[in-house]
Novice: 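This is the structure I have questions about; it appears just below.
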Amino acid sequence: MIRSELVAAVAETHPHLSAREAERVVGTIFESIIDALADGRRVELRGFGAFSTRARDSRTGRNPRTGEAVHVDAKRVPHFKAGKDLRERLNR
Amino acid sequence: MSDNHTLTRAEMGDEVHEQIGLSRTESVQLVETVLDRVSDALVRGENVKISSFGSFVLRDKNRRMGRNPKTGEEVPIEPRRVLTFRPSQIMRDRINGK
């Protein structure tokens, strides 16, 4: 499933929404997750899963093409853990 | 940086209500619909790719032998399907203030 298919499925469940509104709804929801993580917050969606960020230390990496050593800054990376309900449904 | 509390469905519903001007009730229902449609696709065995957000990717794990860490006893871990998330470059950059 890709974004446009999700938008179409949402529009089908809420038939009085215009295609544009359905697109904005989907956009707003995923945007709110990125905004929260960027603000250092967690996102908890019971049954579905939780988004958080994890810290990565700076390290010396290598350009795989040239073999040259490059410094990689410390950063935060997004993490998702599927919720219990969803995990169980995937294996039924 | 704003307050550090956890973002939940209710607040996501508020965001939809404010941004799009739909009723609060419908806005919360829409959050649920979006999560349900994504979940349904994953349960059907489809990966879900949301451009500029990221991809939910299913992986099938083989059966392997594990160990009960408490008793040391060997126990089989049955084949199972796990869900992973691959964030988009946009999300990675935004989280690092780029």
Side-chain angles (χ1 to χ4, degrees), chain A residues 1-14 16-17 20-22 24-54 56 73-83 85-92, chain B residues 1-9 11-16 18-22 26-27 29-56 58 78-88 90-97:
Chain A
M1 172 182 262
I2 60 172
R3 189 185 184 116
S4 57
E5 291 166 340
L6 174 60
V7 169
V10 170
E12 204 172 301
T13 314
H14 299 258
H16 62 283
L17 288 191
R20 187 161 171 277
E21 281 172 323
R24 287 185 63 206
V25 166
V26 169
T28 299
I29 288 170
F30 288 109
E31 195 64 18
S32 72
I33 296 173
I34 298 179
D35 279 343
L37 295 175
D39 282 348
R41 300 170 62 192
R42 270 173 64 77
V43 181
E44 247 179 61
L45 301 163
R46 288 282 151 78
F48 182 76
F51 295 90
S52 58
T53 59
R54 295 183 171 187
R56 292 279 177 270
D73 285 336
K75 62 184 171 188
R76 301 201 68 84
V77 294
H79 179 76
F80 174 74
K81 183 170 194 285
D85 290 356
L86 182 52
R87 267 201 321 267
E88 287 174 0
R89 285 179 66 204
L90 296 175
N91 285 289
R92 226 167 262 156
Chain B
M1 180 144 334
S2 66
D3 46 342
N4 262 40
H5 69 272
T6 300
L7 175 63
T8 59
R9 279 178 173 79
E11 201 185 325
M12 280 167 78
D14 287 348
E15 193 67 24
V16 171
E18 281 162 28
Q19 297 283 322
I20 307 181
L22 300 166
E26 181 166 33
S27 297
Q29 282 167 358
L30 278 158
V31 172
E32 206 54 51
T33 299
V34 167
L35 298 177
D36 283 349
R37 292 300 162 269
V38 171
S39 304
D40 291 347
L42 294 167
V43 169
R44 287 197 301 271
E46 290 178 37
N47 291 340
V48 176
K49 184 173 182 173
I50 308 297
S51 58
S52 78
F53 182 77
S55 299
F56 296 93
L58 297 164
E78 295 306 323
R80 69 201 200 286
R81 183 166 276 179
V82 297
L83 175 57
T84 60
F85 176 67
R86 288 186 48 83
S88 68
I90 292 175
M91 182 191 266
R92 290 169 182 275
D93 288 346
R94 290 262 307 275
I95 282 163
N96 289 285

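Source: prediction; values computed, not measured.
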Novice: Provide the closest heavy-atom pair for B:S39 versus A:L86 in the form atom of the first, atom of the second, distance.
Specialist: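 The answer is CB-CD1, 4.0 Å.
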
Novice: Considering only heavy atoms, which portion of A:L45 lies under 4.5 Å from any heavy atom of chain B: side chain, backbone, both, or neither?
Specialist: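 A:L45 touches chain B through backbone and side-chain heavy atoms alike.
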
Novice: Can you tell which of B:V48, B:L83, B:I20 has the highest number of heavy-atom pairs within less than 4.5 Å of chain A?
Specialist: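 Most heavy-atom pairs under 4.5 Å with chain A: B:I20.
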
Novice: Let me know if B:Q29 has heavy atoms under 4.5 Å from chain A in its side chain, its backbone, both or neither.
Specialist: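 Both the backbone and the side chain of B:Q29 come within 4.5 Å of chain A.
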
Novice: Quick one: closest heavy-atom pair of B:L30 and A:I29, and the distance?
Specialist: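 Closest heavy-atom pair between B:L30 and A:I29: O-CD1, 4.1 Å.
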
Novice: Working to the nearest 0.5 Å, report the span between CG of A:D35 and CE of B:M12.
Specialist: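 Nearest 0.5 Å value for the CG-CE distance: 11.0 Å.
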
Novice: To the nearest 0.5 Å, how far apart are CE in B:M91 and CD1 in A:I34?
Specialist: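 That separation rounds to 4.5 Å.
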
Novice: When rounded to the nearest 0.5 angstrom, what is the spacing between CG in A:D39 and CZ in B:R94?
Specialist: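 One finds 9.5 Å between CG of A:D39 and CZ of B:R94.
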
Novice: Please report the interatomic distance OG1(B:T8) to CZ(A:R41), rounded to the nearest 0.5 Å.
Specialist: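 Here the rounded value is 8.5 Å.
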
Novice: Tell me, do A:F30 and B:V34 make a side-chain contact under 4.5 Å, heavy atoms counted?
Specialist: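 With C-beta onward as the side chain, the pair touches.
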
Novice: For B:V43, does its backbone N or O pair with a side-chain atom of A:R89 as donor and acceptor, under 3.5 Å?
Specialist: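 No, A:R89 side chain to B:V43 backbone: no donor-acceptor pair under 3.5 Å.
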
Novice: Any salt bridge between B:R37 and A:E12, counting N to O under 4.0 Å?
Specialist: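 Judged by the 4.0 Å cut-off on N to carboxylate O distance, B:R37 and A:E12 do not form a salt bridge.
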
Novice: With chain B as the partner, which of A:E21, A:E5, A:E31, A:R24 has the greatest number of non-hydrogen pairs under 4.5 Å?
Specialist: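 Option with the top pair count is A:R24.
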
Novice: Please look at A:L17 and chain B and tell me whether the side chain, the backbone, both or neither of the residue comes under 4.5 angstrom of a heavy atom of that chain.
Specialist: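 The answer is the side chain of A:L17.
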
Novice: What is the distance from atom CZ of A:R46 to atom CZ of B:R9, rounded to the nearest 0.5 Å?
Specialist: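 Between A:R46 CZ and B:R9 CZ, I get 9.0 Å after rounding to 0.5 Å.
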
Novice: Could you tell me the separation between the OG1 atom of B:T84 and the NE2 atom of A:H79, rounded to the nearest 0.5 Å?
Specialist: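 Separation between the atoms: 10.5 Å.
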
Novice: Please report the closest heavy-atom contact between B:L7 and A:A36, naming both atoms and the distance.
Specialist: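 Heavy atoms of B:L7 and A:A36 come nearest at CD2-CB, 3.7 Å.
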
Novice: What part of A:L90 is in contact with chain B, defined as an atom under 4.5 angstrom from a non-hydrogen atom: side chain, backbone, both or neither?
Specialist: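 It is both, since atoms from each part get that close.
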
Novice: Considering non-hydrogen atoms only, spot the tightest contact between B:I95 and A:T53 and give its length.
Specialist: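 That closest heavy-atom pairing would be CG2-CG2, 3.9 Å.
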
Novice: Out of A:R92, A:R87, A:H14, return the one with the most heavy atom pairs under 4.5 angstrom to chain B.
Specialist: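 Of the options given, most contacts go to A:H14.
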
Novice: Do side-chain atoms of A:R3 reach the backbone of B:S52 as a donor and acceptor pair under 3.5 angstrom?
Specialist: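 Looks like no, no N/O pair under 3.5 Å.
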
Novice: Top residue by heavy-atom pair count (under 4.5 Å) with chain A, among B:R92, B:R81, B:R86?
Specialist: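 Ranked by heavy-atom pairs under 4.5 Å with chain A, first place is B:R81.
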
Novice: Counting only non-hydrogen atoms closer than 4.5 Å, does B:S27 touch chain A with its backbone (N, CA, C, O), its side chain (CB onward), both, or neither?
Specialist: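 Contact with chain A: none, neither part.
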
Novice: If we only count heavy atoms from C-beta on, is the B:I50 to A:L6 side-chain gap below 4.5 Å?
Specialist: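 Touching, per the 4.5 Å side-chain cut-off.
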
Novice: Using non-hydrogen atoms only, which part of B:N47 is less than 4.5 Å away from chain A: side chain, backbone, both, or neither?
Specialist: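 Only the backbone of B:N47 comes within 4.5 Å of chain A.
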
Novice: Tell me if the CZ atom of B:R44 is crowded by more than 12 foreign heavy atoms within 6.0 Å.
Specialist: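 Enclosed: over 12 neighbouring heavy atoms sit under 6.0 Å from CZ of B:R44.
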
Novice: Quick check on A:T13 against chain B: is it the side chain, the backbone, both or neither that has a heavy atom closer than 4.5 Å?
Specialist: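 Contact with chain B: side chain only.
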
